[in-house]
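Counting starts at 1 for both ligands and their atoms, following the listed order.
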Amino acid sequence: MDNTISLEIIEVVEQAAIASSRWMGLGKKDEADEAAVEAMRERMNKIHMRGRIVIGEGERDEAPMLYIGEEVGICTQPNAAEFCTIEELQEIDIAVDPCEGTNLVAYGQNGSMAVLAISERNGLFRAPDFYMDKLAAPPAAKGHVDIRKTPTQNLKILSECLNRSIEELVVVVMDRPRHKGLISEIRAAGARVRLISDGDVSAAICCGFAGTNIHALMGIGAAPEGVISAAAMRCLGGHFQGRLVYDPAEVNTPESAKWTREGNLARLKEMGIEDGDKVYDANELACGKDVLFAGCGITPGTLMEGVRFFGGGCRTQSLVISTQSKTARFVDTIHLTGDAPKTINLR
Ligand SMILES: O=C(COP(=O)(O)O)[C@@H](O)[C@H](O)[C@H](O)[C@H](O)COP(=O)(O)O
Ligand SMILES: [Mn+2]
Ligand SMILES: [Mn+2]
């Protein structure tokens, strides 16, 4: 993968975050989402790359932009060989969530980001729009905790790996009725629970850094977000496992009521997945040789600030991590609008 993509891609998530943040607190989640999608697509199409969306806003019919299969980047043009380098002509797969946490943006709450993951062709798992049971934990616990173990067992292992008592652990769980039993078990084991209304990508990535006071993510969220989280955790060397949830009874949401257990198993078979209970780790969900994750805060979060506007511009904070560069690059950018020179206030 062309190394310069990692620098240009920062602007993709920045532009998506800025566009979405203009809708922050206005109670309009669809508009916040659409603004991010449009901005992400527009900036992506200016990059010298040959990209294909493998996780996006849905199938072509229901999503006018950034749909699964959409080609993005200058080097997708038919005559690209005339003006693109051999490296730029290599096909790359892209998973996007232009507004991860649309509710958070609409209601002005913390933790929303514009995110994406990139790898070479077939380097990212093409997750269906299923739910996914997830377990994320810090690098020190990688391969020691296991989603097949009980939360109580995993908390014991985590406390040993992180050299702290169970009482000193904080586990993020999405605040959903489906997690009633999980939350009770974590509390009974002695750990503390941080409930979030949305945004489990942010929670998963926080486990990859020490000092965030988040030591695990447990529970069921969406599968596409699981792949993007796995890409980030692969770059960070953290623990990430996911299991697709095919039985609607496990989640019992209006979304899951549209499906049946048998129908879901048949859908998985069509995709070539025979074992619906398979547990995928980060190396399988983001299996490419080179994997890159980029995110930009829309509203403030644990890792990144949100977009902050001032007269004549705004300031963003992004994070780019890649297996290739072996860096976790936090980027603080001031964006100026209009032509007149501005005084940049650093306080
Ligand atoms: O909170 C989320 C919403 O993402 P988005 O639609 O892009 O704003 C994600 O982080 C979750 O992983 C997931 O989408 C959610 O758990 C599934 O929805 P729900 O049925 O409300 O739990
Ligand atoms: Mn999302
Ligand atoms: Mn989204």
Side-chain angles (χ1 to χ4, degrees), residues 12-13 16-17 19-21 23-24 27-41 53 55-58 62-63 65-68 94-117 127-136 172-180 182-183 194-207 214 217-233 240 242-245 247-259 285 293 295-299 301-303:
V12 173
V13 286
S20 187
S21 72
W23 293 94
M24 198 272 286
K28 297 184 175 177
K29 61 181 278 211
D30 291 343
E31 285 83 345
D33 202 14
E34 205 179 307
V37 173
E38 254 176 66
M40 187 173 265
R41 181 176 185 251
I53 304 297
I55 286 179
E57 296 290 300
E62 65 191 60
M65 280 183 236
L66 289 178
Y67 55 86
I68 296 164
I94 308 174
V96 300
D97 193 346
C99 181
E100 153 63 359
T102 44
N103 284 318
L104 301 174
V105 180
Y107 301 113
Q109 292 163 341
N110 287 7
S112 61
M113 305 181 294
V115 290
L116 57 79
D129 58 342
F130 274 41
Y131 282 92
M132 180 183 266
D133 192 15
K134 308 175 189 181
L135 174 63
V172 175
V173 180
M174 291 194 76
D175 192 4
R176 296 290 188 278
R178 60 178 177 264
H179 292 145
K180 201 167 166 264
L182 172 65
I183 293 165
R194 190 188 283 187
L195 291 172
I196 55 166
S197 63
D198 287 282
D200 67 358
V201 175
S202 166
I205 300 171
C206 281
C207 298
I214 293 175
L217 165 76
M218 294 184 185
I220 297 173
E225 277 85 342
V227 175
I228 297 176
S229 305
M233 290 302 263
F240 189 90
R243 175 184 59 82
L244 293 171
V245 176
D247 189 348
E250 232 186 295
V251 270
N252 201 14
T253 63
E255 192 55 29
S256 71
K258 295 179 198 159
W259 304 314
L285 295 169
F293 164 89
C296 180
I298 304 175
T299 53
T302 305
L303 290 172

S.K.: So how far is it from T302 OG1 to R194 CZ, rounded to the nearest 0.5 Å?
M.R.: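 One gets 5.5 Å once the value is rounded to the nearest 0.5 Å.
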
S.K.: Using a heavy-atom cut-off of under 4.0 Å, does the side chain or the backbone of S256 touch ligand 1, or both, or neither?
M.R.: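 Within the 4.0 Å criterion, S256 makes no contact with ligand 1.
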
S.K.: Which ligand 1 atoms does K134 reach within 4.0 Å, using its non-hydrogen atoms?
M.R.: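 Counting from 1, the qualifying ligand atoms are 12 (O).
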
S.K.: Leaving waters out, which protein N, O or S atoms fall under 2.8 Å from the Mn ion (ligand 3)?
M.R.: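 Metal shell, protein only: D97 OD1, C99 O.
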
S.K.: Donor-acceptor pair, S229 side chain versus E225 backbone, under 3.5 Å?
M.R.: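 Yes, the answer is positive, given that a donor and an acceptor are paired below the 3.5 Å cut-off.
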
S.K.: Examine the proximity of ligand 1 to M174 and report which part, side chain or backbone, both or neither, has a heavy atom under 4.0 Å away.
M.R.: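 Side chain only.
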
S.K.: When you measure from the Mn ion (ligand 2) to each N, O or S atom of E225, which atom gives the shortest distance?
M.R.: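 This turns out to be OE2.
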
S.K.: Find all atoms of ligand 1 within a distance of less than 4.0 Å from any non-hydrogen atom belonging to G199, and give their numbers and elements.
M.R.: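 In order of number, 1 (O), 2 (C), 10 (O).
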
S.K.: Please answer whether the main-chain N or O of A222 pairs with a side-chain N or O of K134 as donor and acceptor at a distance below 3.5 Å.
M.R.: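 Yes; at least one donor-acceptor contact below 3.5 Å.
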
S.K.: S21 side chain to M24 main-chain N or O, any donor-acceptor pair under 3.5 Å?
M.R.: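 It does not hold such a pair.
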
S.K.: What are the atoms of ligand 1, with element, lying closer than 4.0 Å to any heavy atom of D97?
M.R.: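 Counting from 1, the qualifying ligand atoms are 7 (O).
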
S.K.: Just need the protein heavy atom nearest to atom 6 (O) of ligand 1, so name the residue and atom and give the distance.
M.R.: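 Residue, atom and distance for the closest contact: T102 OG1, 4.0 Å.
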
S.K.: For D198, take its heavy atoms, then give the atoms of ligand 1 lying under 4.0 Å from any of them.
M.R.: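 In order of numbering, the contacting atoms are 1 (O), 2 (C), 3 (C).
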
S.K.: Among all protein heavy atoms in this structure, tell me which lies nearest to atom 21 (O) of ligand 1, with the distance rounded to 0.1 Å.
M.R.: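 Going by distance alone, atom 21 (O) of ligand 1 is nearest to R176 NH2, 3.0 Å.
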
S.K.: Working to the nearest 0.5 Å, report the span between CZ of R176 and CG of D198.
M.R.: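 Here the rounded value is 5.0 Å.
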
S.K.: Would you check whether H179 reaches within less than 4.0 Å of ligand 1, judged by its heavy atoms?
M.R.: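 Under 4.0 Å: no for H179.
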
S.K.: Look at atom 14 (O) of ligand 1 and find which of S197, P254, A222 reaches it with the closest heavy atom.
M.R.: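 Checking each option, the heavy atom nearest atom 14 (O) of ligand 1 is found in A222.
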
S.K.: With a cut-off of 6.0 Å (strictly less than), are more than 12 heavy atoms of other residues, nucleotides or ligands near OH of Y67?
M.R.: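 Result for OH/Y67: enclosed.
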
S.K.: Starting from atom 17 (C) of ligand 1, which protein heavy atom do you reach first, and at what distance in Å?
M.R.: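 Looking at atom 17 (C) of ligand 1, the protein heavy atom closest to it is Y131 CE2, 3.8 Å.
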
S.K.: Answer yes or no: is there a donor N or O on one side and an acceptor on the other, between the side chain of H179 and the main chain of I220, under 3.5 Å?
M.R.: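 Yes.
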
S.K.: If I apply the N/O under 3.5 Å rule, does C99 come out as touching ligand 1?
M.R.: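 So ligand 1 has an N or O lying under 3.5 Å from an N or O of C99.
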
S.K.: Heavy atom of E255 under 4.0 Å from ligand 1?
M.R.: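 No, that is not the case, since the closest heavy atom of the residue is not under 4.0 Å from the ligand.
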
S.K.: Could you state the interatomic distance from CD1 (I298) to CD (Q109), rounded to the nearest 0.5 Å?
M.R.: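 CD of Q109 is found 13.5 Å from CD1 of I298.
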
S.K.: Any side-chain heavy-atom pair from L116 and I228 closer than 4.5 angstrom?
M.R.: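 Counting from C-beta outward, L116 and I228 never come under 4.5 Å.
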
S.K.: Assess, by modelled atom type and distance only, whether the side chains of S197 and Y107 contain a donor and an acceptor separated by less than 3.5 Å.
M.R.: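 Distance-only check fails for S197 and Y107.
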
S.K.: Atom 10 (O) of ligand 1: which protein heavy atom is closest, and how many Å away?
M.R.: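 Scanning the protein heavy atoms, the shortest distance from atom 10 (O) of ligand 1 goes to E100 OE2, 2.6 Å.
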
S.K.: Hey, what do you get for CG (L182) to CE (M174), rounding to the nearest 0.5 Å?
M.R.: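 If we round to the nearest 0.5 Å, L182:CG and M174:CE are 12.5 Å apart.
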
S.K.: With the threshold set at 4.0 Å, does a side-chain nitrogen-carboxylate oxygen contact exist between R41 and E57?
M.R.: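 A salt bridge is absent here (no side-chain N lies under 4.0 Å from a carboxylate O).
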
S.K.: Any donor and acceptor pair, going by atom type alone, linking the side chain of S20 with main-chain N or O of A32 inside 3.5 Å?
M.R.: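 Between the backbone of A32 and the side chain of S20 there is a qualifying donor-acceptor contact (under 3.5 Å).
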
S.K.: For ligand 1, which atoms have a heavy atom of G101 less than 4.0 angstrom away?
M.R.: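 Answer, ordered by atom number: 4 (O), 5 (P), 7 (O), 8 (O).
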
S.K.: If only atom types and distance count, is the side chain of S112 paired as donor or acceptor with the main-chain N or O of T299 below 3.5 Å?
M.R.: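 Confirmed, S112 side chain pairs with T299 backbone.
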
S.K.: To which of D129, D200, V201 does the heavy atom nearest atom 12 (O) of ligand 1 belong?
M.R.: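 It is D200 whose heavy atom sits nearest to atom 12 (O) of ligand 1.
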
S.K.: Can R178 be said to touch ligand 1, with heavy atoms closer than 4.0 Å?
M.R.: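 Yes.
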
S.K.: Does a side-chain N-to-carboxylate-O contact under 4.0 Å join D129 and K258?
M.R.: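 Salt bridge: no.
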
